[in-house]
Amino acid sequence: MSDDEQAGDPDELLNALVITKGHPFEREPFFRIFDEMPGLNWTHVEQPAARALQNTQEAAAYDAFVAYDMPGIAFGPNGPDFEVPDESFRKNFLALVEAGHGFVFLHHAIAGWPAWPEYGELIGGRFLYLPAEVRGEPKLDSGYRHEVTHQVRVLADHPVTAGIPATFQITDELYLYEVFEADVTPLLASDYTFTKDNFYSAAHVVLRGKMFDNSDWDHPPGSNLIGWTREVGKSRIVYLQCGDDPKAYANPHFRRLVRNAIGWVSDR
């Protein structure tokens, strides 16, 4: 089977809804990814307006949602406030997942809806801005590290990794976060060392205003998985941890992964 066959026909026009808001990013270079992507017709919407489209009726116009958003978090001088989505939204969103839709979650999207545990379960992991209980166990806040140049290793022959070399280099932000490894199909792993000395505390930033600080933060070693898939209900889901800034946006392997992911989750 050829790479293009694995990744989906590049001449097939897919419709994607790209969702943003909640985390700063450089708009022009990010949107250029989709402008230059073959076989893609895309629409952009910001949160909270996107919520009105995340139901079976409105989502029918799109083959996939590409989430580069962080809903349910409001950052303030005294720390973040976490919103619980209303019952109607939760019901509609979960009905959409059960009915079958395509979801591609990129980078900081894994931090979305922190007060709604089912959302993290859907993605397959969680980035925590504050210490929290995850699956009944107390967890420290997650870690971040900007502009890490690291090697990525492909773990599986899969349509999402079609055309991607066995290893490739990227400069990007990495996370020391919660990954539900037993519940995901691994696709990509980093050769970076995911230990506390190599990362900074997210809570130190949002509570103390201290960037690049890991003092008094004893986070245990974490997963080196930075890409995976899941199938929930009739929906296909991909999470790619890559995608922080223009250096990552311009990486041809990251771009290919995003296009492959959109194609795979759309083929339901």
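In summary, Asp218 and Lys196 engage in a salt bridge, as defined by a charged side-chain N under 4.0 Å from a carboxylate O. With respect to the salt-bridge test (charged N to carboxylate O, under 4.0 angstrom), the residues Glu46 and Arg27 qualify. With salt bridges taken as basic N to acidic carboxylate O contacts below 4.0 Å, one links Glu83 and Arg51. A salt bridge links Asp183 and Arg135; the closest N-O separation between the charged side-chain nitrogens and carboxylate oxygens is under 4.0 Å.
Classified by interplanar angle (parallel below 30°, tilted 30° to 60°, perpendicular above 60°), the ring pair Trp42/His44 is tilted. Using bins of under 30°, 30° to 60° and over 60° for the plane-to-plane angle, the ring pair Tyr144/Phe212 lands in the tilted bin. Under the 30°/60° scheme for interplanar angles, the aromatic rings of Tyr119 and Phe93 are found to be tilted.
Side-chain atoms of Thr20 and Asp69 form no donor-acceptor pair, as typed in the model, at a separation below 3.5 Å.
Of the possible donor and acceptor atoms, none in the side chain of Asn214 sits under 3.5 Å from a partner among the backbone N and O of Tyr200. For Arg126 (side chain) and Val134 (main-chain N/O), no donor-acceptor pair under 3.5 Å exists by modelled atom type.
The cationic atom of Arg32 (NZ for Lys, CZ for Arg) does not lie both less than 6.0 Å from the six-membered ring centre of Tyr249 and within 45° of the ring axis.
Rounding to the nearest 0.5 Å places CG of Asp172 at 10.5 Å from CG of Leu240.
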